[in-house]
Protein chains: 2
Amino acid sequence: MRRSEIRDHLLDTALQLFNERGYHATGIDLIIAESGVAKTTLYRHFETKEDLILAALARRDEEDRVEMRSFVDQRTSDSFERLLATFDFLEESLKDKKFRGCIFVSAAGEHKDPANPVFRAAEMHKRLTVAYFEELAHAARFADPKRIAEEINLLHEGAMAVAQISRSYEPARQAKHLAGQLLAVAKRMEPVASRGDPAQTAGMPVTPFGA
Amino acid sequence: MRRSEIRDHLLDTALQLFNERGYHATGIDLIIAESGVAKTTLYRHFETKEDLILAALARRDEEDRVEMRSFVDQRTSDSFERLLATFDFLEESLKDKKFRGCIFVSAAGEHKDPANPVFRAAEMHKRLTVAYFEELAHAARFADPKRIAEEINLLHEGAMAVAQISRSYEPARQAKHLAGQLLAVAKRMEPVASRGDPAQTAGMPVTPFGA
DNA sequence: ATATAAAGATACAGATCTGAACCTTTTATC
DNA sequence: GATAAAAGGTTCAGATCTGTATCTTTATAT
């Protein structure tokens, strides 16, 4: 294996094992056996197991949010619809046979001290995820984008928790349905009449004047 | 300590430690140190650590559901309001300084194999909880009580997951607010005009004829 | 091609964990 | 009060876990 690939390969293997078995239940020996890398090598790339966990979470955090953004972006350019499309992304995640619950929630569940770096990594991921929802809610001109973002997030978390135990992807559809109802009645800002406002024109029909 | 109390005391201590530190991170030695019970004694009451976990979860499952029922029952006798009152119970749970996430979700997160007895205990608890919601939704004459129950459950799970990481009880209020909106627009059965129907009379004013 | 850094392989130290063994002391029951 | 059962206290076996040490082999860079 080429040197530059080893770190990535270790993170991949570790993430897979953490997801399948949890953090405490996944020993260093299993990670090196599964990845085919010598123990010496692992410890040259990561000082401690905690460092490995943090690096794995950082990688997954980045991946997850980039993938969600790109999935959502290419599905629709309407901000309102984008909020709903996050649930389609979630559904795809849950459909993965290997889904065993949100790895950040599990990480926080196994490292419960709020001062623990692993807990804080999970916290940060959730913050950034909510920030993305808020960005979408703002673009969709909701009057209280922060609140909308928190509600969307609550539905995401609920769907993941239920899916983890029921082993079904239905919760993502249910959450999307609930989100649709909630967004439909939520207050939105008056559309401003300035031409070329992206928040206004994005996702609007091609023939804007009722044709 | 009186013999008959030891088992209960061990379960209390174990539950507290599992909640504060997780399952793998809580060793037998810590449990006996914290409870002041000899190791021999612990192993006379529980054959293995897994047995102790299962007994602890069984106890908490029973407690939780009984307490939720009694909380809800004494708050209101109207079935519709009872569905919403479950979120007030949830809020009280989250307000507990020691809340560190749903112990059943954590248990499933640390024992991810669906065949694992611990995972199945968590699964069973969630099933029974949803069954209670369905009972309430049925009594409130919702047209699709199963669906309503699953939606309520999803909101509960979402609130717990968010609360675990954000360390706030606000998610319970948000979830209640969302539930209120959803229930308000959900289809309900026509009230049947037969006298003495409990589903109809339960929670009605004491003076039923407009006085 | 040679020097340098990293990877492989393995053994080991030290801690920790579960569960059993062993014996003494307390408690409950007749 | 005697007897039996359970609790206390401690030690230990065996496994496992993290992280280090040591040495050999491979790859890379000049």
Side-chain angles (χ1 to χ4, degrees), chain A residues 1-58 106-107 109-113 116-119 121, chain B residues 1-58 106-107 109-113 116-119 121:
Chain A
M1 189 173 313
R2 299 215 324 272
R3 285 185 194 171
S4 58
E5 291 175 342
I6 287 184
R7 188 188 152 91
D8 276 351
H9 179 59
L10 276 170
L11 290 177
D12 277 344
T13 309
L15 270 172
Q16 184 188 320
L17 290 171
F18 291 152
N19 181 57
E20 282 175 12
R21 308 167 52 106
Y23 298 85
H24 287 90
T26 300
I28 294 291
D29 286 343
L30 181 59
I31 296 173
I32 61 174
E34 205 73 13
S35 62
V37 159
K39 188 181 273 197
T40 328
T41 306
L42 184 149
Y43 276 105
R44 194 172 290 116
H45 284 279
F46 307 99
E47 284 193 6
T48 65
K49 184 186 180 183
E50 184 175 283
D51 283 344
L52 172 61
I53 294 176
L54 291 173
L57 290 180
S106 289
E110 289 199 45
H111 305 86
K112 299 189 179 240
D113 182 353
N116 185 300
V118 176
F119 183 96
Chain B
M1 187 173 316
R2 301 218 319 274
R3 284 187 197 170
S4 57
E5 293 175 354
I6 288 185
R7 187 188 153 93
D8 276 351
H9 179 58
L10 276 171
L11 290 178
D12 277 343
T13 309
L15 270 172
Q16 183 187 321
L17 290 171
F18 291 152
N19 181 56
E20 282 175 11
R21 310 167 51 104
Y23 298 86
H24 287 90
T26 301
I28 293 290
D29 286 343
L30 181 60
I31 296 173
I32 62 174
E34 205 73 13
S35 63
V37 158
K39 190 181 273 197
T40 327
T41 307
L42 184 149
Y43 277 106
R44 195 171 291 115
H45 283 279
F46 306 99
E47 285 194 5
T48 65
K49 184 183 180 184
E50 185 176 280
D51 283 344
L52 172 61
I53 295 177
L54 291 173
L57 290 180
S106 288
E110 288 199 46
H111 305 85
K112 298 187 179 241
D113 182 354
N116 185 301
V118 176
F119 183 96

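What's counted below: heavy atoms across the whole structure, side chains too, no hydrogens, waters or symmetry copies. Below, chains carry the letters A, B, ... as their sequence lines are ordered, and counting in each starts from 1.
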> Just checking B/H24: base, sugar-phosphate only, or nothing, at a heavy-atom cut-off of under 4.0 Å?
Replying inline: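 B/H24: no heavy atom of the nucleic acid under 4.0 Å.
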Nearest-Å distance, [atom1] ([X]) to [atom2] ([N])?
{"X": "A/Y43", "N": "D/dT22", "atom1": "OH", "atom2": "P", "answer": "18 Å"}
{"X": "B/I31", "N": "C/dT18", "atom1": "CD1", "atom2": "C1'", "answer": "11 Å"}
{"X": "A/I28", "N": "C/dA11", "atom1": "CD1", "atom2": "P", "answer": "19 Å"}
{"X": "B/D29", "N": "D/dT10", "atom1": "CG", "atom2": "P", "answer": "13 Å"}
{"X": "A/R21", "N": "D/dT16", "atom1": "CZ", "atom2": "P", "answer": "12 Å"}
{"X": "A/D51", "N": "D/dT18", "atom1": "CG", "atom2": "P", "answer": "14 Å"}
{"X": "A/R44", "N": "D/dA27", "atom1": "CZ", "atom2": "C1'", "answer": "13 Å"}
{"X": "B/E50", "N": "C/dT18", "atom1": "CD", "atom2": "C1'", "answer": "13 Å"}

>> Given D/dT18, C/dT18, D/dG8, identify the nucleotide with an atom nearest to the side chain of B/A38.
In response: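 Out of D/dT18, C/dT18, D/dG8, the nucleotide with an atom closest to B/A38's side chain is D/dG8.
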> Under 4.0 Å between a side-chain N/O of A/T40 and OP1 or OP2 of C/dG8, yes or no?
Replying inline: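 For A/T40, the contact criterion (side-chain N or O under 4.0 Å from OP1 or OP2 of C/dG8) is not met.
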> Do any side-chain nitrogens or oxygens of A/H45 fall under 4.0 Å of OP1 or OP2 in C/dA7?
Replying inline: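 Yes, because at least one side-chain N or O of A/H45 sits under 4.0 Å from OP1 or OP2 of C/dA7.
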> Any donor-acceptor pair under 3.5 Å between the side chain of A/K39 and the base of D/dG19?
Replying inline: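 Side chain to base: pair found, below 3.5 Å.
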> Side chains of A/L52 and A/I31: closer than 4.5 Å at any heavy-atom pair?
Replying inline: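 Of all side-chain heavy-atom pairs linking A/I31 with A/L52, at least one is under 4.5 Å.
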> Can you find a pair of side-chain heavy atoms, one from B/L10 and one from B/F46, that are under 4.5 Å apart?
Replying inline: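 Yes - at least one pair of side-chain heavy atoms lies under 4.5 Å apart.
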> Excluding sequence neighbours, so at least two apart, what forms ring-ring contact (aromatic ring centres under 6.0 Å, His included) with B/H24?
Replying inline: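 ring-ring contact (aromatic ring centres under 6.0 Å, His included) check on B/H24 returns B/H111.
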> For the side chain of A/K39 and the backbone of A/I28, is there at least one donor-acceptor N/O pair under 3.5 Å apart?
Replying inline: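 Not a single qualifying donor-acceptor pair exists.
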